[in-house]
Amino acid sequence: MLEDDRPIHICPKCGYIVLALKGECGICELERDKLILTNYTCKIYTEMDKEQKREWEEMLRKRYVLCPDNPYYNKEAWDRREDIEFQTQLQMDNWEKKRNEEAAQSQSHQLICPRCGSTSFSPLRRKWSLLTGFMTNKVDMVCNHCGHVVKK
Ligand SMILES: [Zn+2]
Ligand SMILES: [Zn+2]
């Protein structure tokens with residue numbers, strides 16, 4: 001959806017990064033002709049992970065909004081934008097967590113114990129891999145009936 005060459009604008013008043021072609025900042029309603037054109041396009045979003053995106057946004061805001069010769073910067077609008085983005089992020093994180101839990105649950109229902117035929121399992125996090133010597137986030141399943149461990 002975002003894999004295109006639409007230019008990315010930034011709002012000099014609140015620091016909102018504008019992707020849509022709505023013609024204004026979606027947060028503080030500053031018109032498009034006041035928005036600053038960055039030298040990035042929406043394609044950059046497909047190339048960044050969460051942490052990189054955070055750093056990139058910080059860099060853009062430092063460069064275009066928090067620079068001393070920007071006459072539009074407005075602390076109130078900036079704070080409001082931060083509140084909105086924080087809440088959006090929170091909702092997205094919760095949604096992701098729920099999806100992961102549902103996926104783990106449906107996965108554990110499909111398992112059948114090779115020893116006793118039970119389909120009831122509990123996840124067991126494998127903390128340390130003997131093979132690589134590194135921490136892993138792999139999860140084994142333990143049969144609730146006979147204790148047989150099904151390795152993933
Ligand atoms: Zn704005
Ligand atoms: Zn079993």
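In each ligand, atom 1 is the first atom listed, and ligand 1 is the first ligand listed.
In terms of hydrophobic clustering, with Ile, Leu, Val, Met, Phe, Trp and Tyr side chains grouped at heavy-atom distances under 4.5 Å, Ile36 and Ile44 are assigned to a common cluster.
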Show me the donor-acceptor pairs within less than 3.5 Å that the side chains of residues 8-18 make with the rest of the protein, sequence neighbours left out.
from, atom 1, to, atom 2, distance (Å)
His9, ND1, Arg32, NH2, 3.0

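For a distance threshold of 2.8 Å, the protein N, O or S atoms nearer than that to the Zn ion (ligand 2), listed by chain and number, are Cys113 SG, Cys116 SG, Cys143 SG, Cys146 SG. Below the 2.8 Å limit, the Zn ion (ligand 1) has as protein N, O or S neighbours Cys11 SG, Cys14 SG, Cys25 SG, Cys28 SG.
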> Would Val150 and His148 count as a side-chain contact (heavy atoms from CB on, under 4.5 Å) if you check the C-alpha gap in whole Å, the side-chain angles of each, and the deciding distance to 0.1 Å?
Replying inline: CA-CA 7 Å; Val150 179; His148 183 76; 4.0 Å; yes

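With 3.5 Å as the limit, one finds no donor-acceptor pair spanning the side chains of Asp83 and Gln87.
Sorted by first and then second residue, the salt bridge (charged side-chain N to carboxylate O under 4.0 Å, His left out) pairs with a member in residues 67-78 read Lys75-Asp79; sequence neighbours excluded.
Electrostatic pairing of Glu29 and Arg81 does not count as a salt bridge here, judged by no charged N lying under 4.0 Å from a carboxylate O. The residues Glu96 and Arg99 are annotated as not salt-bridged, no charged nitrogen and carboxylate oxygen being separated by less than 4.0 angstrom. The pair Arg54-Glu57 does not meet the salt-bridge criterion, since no charged nitrogen lies less than 4.0 angstrom from a carboxylate oxygen.
For the atom pair Leu60 CG and Thr38 OG1, the distance stands at 6.0 Å (nearest 0.5 Å).
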